[in-house]
Amino acid sequence: MKKLIVGNWKMNLNVHDSTLLIARLQQKLLPKTDMQVVACPSATALFACHKELAAYDEAKMSLGAQNICCHEEGAYTGEIAATQVKDLVKYTIVGHSERRIHFGETDQQISKKVQIALRYKLKPVLCVGENTKQRHDGLATQVVLDQLEEDLDMATAADLADLAVAYEPVWAIGTGEFAKPDEAEHMTGVIFDALRQKFGEKAAEKVRILYGGSVDPENSNSYMALKRVDGLLVGGASLNYQKFAEIVNNL
Ligand code: PGA
């Protein structure tokens, strides 16, 4: 199974700066056959980034969307459908905590997004994770289990080969306060066990489980050394080509 390193650029960079970042990464990233690197620019820059990558004989990364709509098409002003990005990207983030918190995204919607992504051959990177209060109240494991159960309620074992699940504790996102490796180890183990119980061992083994939350070049290797961690979801550090390349190249 290839490792998966995803850069989530969030609502940053215009079209010009996005393509510049792609070009710089293309220069800086070492070619790696055992790793899939994915950049997730804003939707406005996807077309230009796609063109930029097509200019290289061997693109060292693919593209992902940061979000897709839970409906297939129609009167949903301001939304972006899977069918509108499927020719540009291979992956899509689904259920990021910023979508859940700031835009009231529900597990029911996220479950639909997972299904729509799979229907249009986009690989979903499903994000789950507890917030600070839930953590302090000792509810972290239950929160993650509930999210997984609801977000994957329509998924089948056959879908799992295309799925990645990112454990992203909300308190660690953009805060510099990253999870200790043993916390990440515990929760990625919980995620694997839940997938195994629901879909069977063979299917669960195919899911790539990522850690995300204040990942940087100093801590990235400590997560990748964990038994159940197959990759990383990187926010802030992915906007800096030197840092992101360091994370990838050091693995
Ligand atoms: P961060 O963001 O690396 O800036 O903490 C991670 C994410 O939101 O996916």
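In listed order, ligands and their atoms are each counted from 1.
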### Message
If the threshold is 4.0 Å, N to carboxylate O, is there a salt bridge linking R196 and E205?
### Response
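The answer is no: the pair does not qualify as a salt bridge.
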
### Task
Using distance alone, decide if ligand 1 has a nitrogen or oxygen within less than 3.5 Å of any nitrogen or oxygen in S214.
yes

### Task
Examine V234 against ligand 1 and note whether any of their N/O atoms are separated by less than 3.5 Å.
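Checking ligand 1 against V234, no N or O pair falls under 3.5 Å apart.
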
If you have a sec, work out which protein heavy atom is nearest [atom] and how many Å separate them, to one decimal?
atom: atom 4 (O) of ligand 1; answer: G236 N, 2.8 Å
atom: atom 3 (O) of ligand 1; answer: G235 N, 2.8 Å
atom: atom 9 (O) of ligand 1; answer: E168 OE2, 2.8 Å

### Query
Among side-chain atoms of D153 and S111, is any donor-acceptor pair under 3.5 angstrom?
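Present: a donor and an acceptor within the cut-off.
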
### Task
Go through the side-chain N and O atoms of D159 and T156 and say whether any donor and acceptor fall under 3.5 Å apart.
yes

For ligand 1, which atoms have a heavy atom of [X] less than 4.0 angstrom away?
X: L233; answer: 9 (O)
X: G174; answer: 1 (P), 4 (O), 5 (O)
X: H96; answer: 7 (C), 8 (O), 9 (O)
X: N8; answer: 9 (O)
X: A172; answer: 5 (O)
X: G213; answer: 5 (O)

Mind checking whether [X] and [Y] have side chains closer than 4.5 Å, heavy atoms only?
X: M154; Y: K112; answer: yes
X: L233; Y: N8; answer: yes
X: N67; Y: V94; answer: no

### Task
Answer yes or no: is there a donor N or O on one side and an acceptor on the other, between the side chain of Q26 and the main chain of K60, under 3.5 Å?
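Side chain of Q26 to backbone of K60: a pair is present.
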
### Message
So if I apply the side-chain contact (heavy atoms from CB on, under 4.5 Å) rule between W171 and each of K133, H136, R135, which one comes out positive?
### Response
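So the option named by the test is R135.
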
